[in-house]
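This report refers to the structure that appears directly beneath it.
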Amino acid sequence: MSQIRSAAVAGAFYPGSARELSAMVRRLLDDAGTPDGTGPVPKAIIAPHAGYIYSGAVAASVYARLTPLRGRIERVVLLGPCHRVAVRGLALSGADAFATPLGDVPIDKDAAAAIAALSQVGIVDAPHAQEHSLEVHLPFLQEVLGAFKLVPLVVGDAAAEEVADVLERLWGGPETLIVISSDLSHYLDYDTASRLDRETCSAIEALDHARIGYEQACGRIPVGGLLALAKRRGLSVTTLDLRNSGDTAGGRDRVVGYGAWMFAEPDREPAPAGDPDEAARQYEAFIRQTHALLDTHGETLMRVAAASIESGLQHGSASAVDPARYAANLQNKGATFITLKRGGRLRGCIGTSTAHRPLVTDTAENAYAAAFKDPRFEPVHARELADLVLSISVLSPSVPMAFENEADLLRQLRPGRDGLIIADGDKRALFLPVVWETLAEPADFLRHLKTKAGLAENHWSESLTARRFVTGQISSQDLADPAGLWRARPAP
């Protein structure tokens, strides 16, 4: 039996009648104007979530820009703040569909599964039950896009980079739209609100989430995640509207601010090859720094990873790590992949492609996830510990690759050095550099990576993207007493 999340604010934030709701949304969109189909194509938008009489016109200014994309957008990733039920991290709904008076919007279960292993994501329905920050966007999306699937996430206590990591996994291609729900300042007088909202607008245009404070936007955390990723991906941003309730409905003594922005990806142009000598120097510098870090602190990281796996066996969760107890280098943000093997065969592998939390924390969380959350394997059992080989890979920042065709991409790959991330639509996969040990030829490396992503071996399209990175690595086999790893606890 299907689980449907019922509309909670129909008849309050927007009309409860399908006919009246459709007519109201169409009127708002018509008043916003019909785009001519030229100009940048929206990949992501920010829009408000108040009652339609207050913020509907502002929301329509950006939703009207999506009209030419009807039939092209198949998935909407929708993030908004929690107003009623506190959330740690991001709450993903377990429902099969979200209902509005205009019909049911199905949940994209495949996309949901792609982020389920992330430690900051949990399937929790309570925050969704009465939350309006997501629901009010659905009628606009239904009118503009027609049929689509939804990935609904209520965002609570999380870091911007944690949100960015979720968005990165769901980014996809032209079939995926990112929608961030946020109002701006709350209950200030008109002039004060206008001034503060202009500051927020300036921060959004600069892709600088650090400049958006607690009082400036109720959705500042999901907004921050989008801005962090937009900056990394080189997106452009356009401000489409900036007003408050004093401009749309109500008085001017206590107003709520609203804004609408759209984000577009850069044109896919072949980039200059750059200075190969400089690229080599950067590679060598990262390897030297990482090897020095692992030489000094590698065993500590191994014990942190082992303790987190043991915590999972005993308590069902990763071990709690206080970064302040560890060396400064381990407190710095870092991205890791944890690989588990048993008898020479893969037993689990989970990681983070972007540094967004302390290296020691990332190690503990990913070790737990590799042991218990890798959907390809059963959870690790205590009896297996003595035979497990545990490896930690520390990743450099990934760099986008520019290429004209598959042959060009293959020519640029550096066997034995490059880790590679490919993505096309909702298909995405990553190979660590260690994979070159078994797939030494670039063509084999890329072909197997496509298969891992769920693509055909001969797949190629203009929308395929690739990012490369390098790693430093340490294994439990490098320790003097590998078996003793599981009898110890991490020490600063």
Side-chain angles (χ1 to χ4, degrees), residues 1-22 24-25 28-29 44-52 55-56 59-60 62-63 66 69-70 73-85 87 89-116 121-156 163 166-167 170 172 175-183 218-219 222 426:
M1 182 177 179
S2 296
Q3 179 183 347
I4 307 297
R5 188 271 188 189
S6 300
V9 295
F13 280 62
Y14 58 81
S17 156
R19 181 180 59 80
E20 293 177 5
L21 175 57
S22 180
M24 184 177 191
V25 172
L28 290 167
L29 292 169
I45 66 172
I46 299 174
H49 55 238
Y52 284 8
S55 68
V62 66
Y63 277 115
L66 303 179
L69 303 182
R70 188 182 182 94
I73 293 177
E74 301 172 359
R75 175 190 305 107
V76 175
V77 180
L78 176 57
L79 283 71
C82 53
H83 289 87
R84 296 178 179 273
V85 177
V87 174
L90 294 84
L92 178 65
S93 173
D96 297 304
F98 272 38
T100 80
L102 301 183
D104 294 348
V105 180
I107 302 302
D108 190 327
K109 294 294 187 179
D110 290 338
I115 59 172
V121 176
I123 299 177
V124 189
D125 284 309
H128 286 272
Q130 298 298 318
E131 182 55 61
H132 66 272
S133 71
L134 305 187
E135 180 182 327
V136 297
H137 292 276
L138 297 181
F140 276 104
L141 290 164
Q142 288 171 297
E143 283 289 341
V144 171
L145 301 181
F148 64 93
K149 291 185 178 180
L150 181 68
V151 184
L153 290 157
V154 173
V155 182
V163 176
V166 173
L167 293 177
L170 297 172
E175 82 296 329
T176 300
L177 173 72
I178 309 295
V179 178
I180 305 298
S181 173
S182 182
D183 293 341
C218 61
D426 62 346

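All of these numbers come straight from a predicted model, not from anything done at the bench. For reference, positions follow the sequence shown, starting with 1.
Contact between Ser93 and Ile123 at its shortest, heavy atoms only, is C-CG2, 4.2 Å. Nearest heavy atom pair, residue Cys218 against residue Ser182, reads N-OG, 4.0 Å. Of all heavy-atom pairs between Leu170 and Thr176, the closest is O-CG2, 3.4 Å. Pro127 approaches Ala91 most closely through the heavy-atom pair CG-CB, 4.0 Å. The shortest heavy-atom contact between Pro152 and Leu134 is CB-CD1, 3.9 Å. Heavy-atom minimum distance, Ser17 versus Pro101: C-CB, 4.3 Å.
By the ring-ring contact (aromatic ring centres under 6.0 Å, His included) test, His128 pairs with Phe98, sequence neighbours left out. Every residue meeting the ring-ring contact (aromatic ring centres under 6.0 Å, His included) condition with Phe140, not counting sequence neighbours, appears here in chain and number order: Tyr52, Tyr63. For the salt bridge (charged side-chain N to carboxylate O under 4.0 Å, His left out) test, residues two or more places apart in sequence or in another chain that qualify with Glu143 are Arg26. Evaluation of the salt bridge (charged side-chain N to carboxylate O under 4.0 Å, His left out) rule for Glu131 yields no partner, not counting sequence neighbours. The side-chain hydrogen bond (donor to acceptor under 3.5 Å, both in side chains) test applied to Gln142 returns Thr100, not counting sequence neighbours. Checked against side-chain hydrogen bond (donor to acceptor under 3.5 Å, both in side chains), Asp108 has the following partners two or more places apart in sequence or in another chain: Arg75.
With rounding to the nearest 0.5 angstrom, the CD1 atom of Ile46 is 7.0 Å from the CD1 atom of Ile180. Rounding to the nearest 0.5 Å places CG of Leu102 at 4.5 Å from CG of Leu21. His49 contributes atom NE2, which lies 7.0 Å from atom NE2 of His137 (distance to the nearest 0.5 angstrom). The line from CG of Leu153 to CG of Leu90 is 5.5 Å long, rounded to the nearest 0.5 Å. With rounding to the nearest 0.5 angstrom, the NZ atom of Lys109 is 10.5 Å from the NZ atom of Lys149. Note: Glu135 CD to Ser181 OG = 11.0 Å, rounded to the nearest 0.5 Å.
When atom types are taken as modelled, the side chain of Arg5 and the backbone of Ala95 share no donor-acceptor pair closer than 3.5 angstrom. With hydrogens and angles disregarded, no donor-acceptor distance shorter than 3.5 Å links the side chain of Ser2 to the backbone of Asp96. The main-chain N or O of Pro48 is never found under 3.5 Å from a side-chain atom of Asp183 such that the two would form a donor-acceptor pair.
Here the rule is side chain to side chain contact (heavy atoms under 4.5 Å, CB included) with Leu78, and of Leu177, Val179, Ile178, Val154 only Val179 fits it. Ile107 pairs with exactly one of Leu150, Leu92, Val151 by the side chain to side chain contact (heavy atoms under 4.5 Å, CB included) rule, that one being Leu150.
Put simply, the side chain of Val124 does not reach to within 4.5 Å of the side chain of Val85, judged on heavy atoms. Side-chain contact between Pro81 and Val155 is absent, with no heavy atoms from C-beta onward closer than 4.5 Å.
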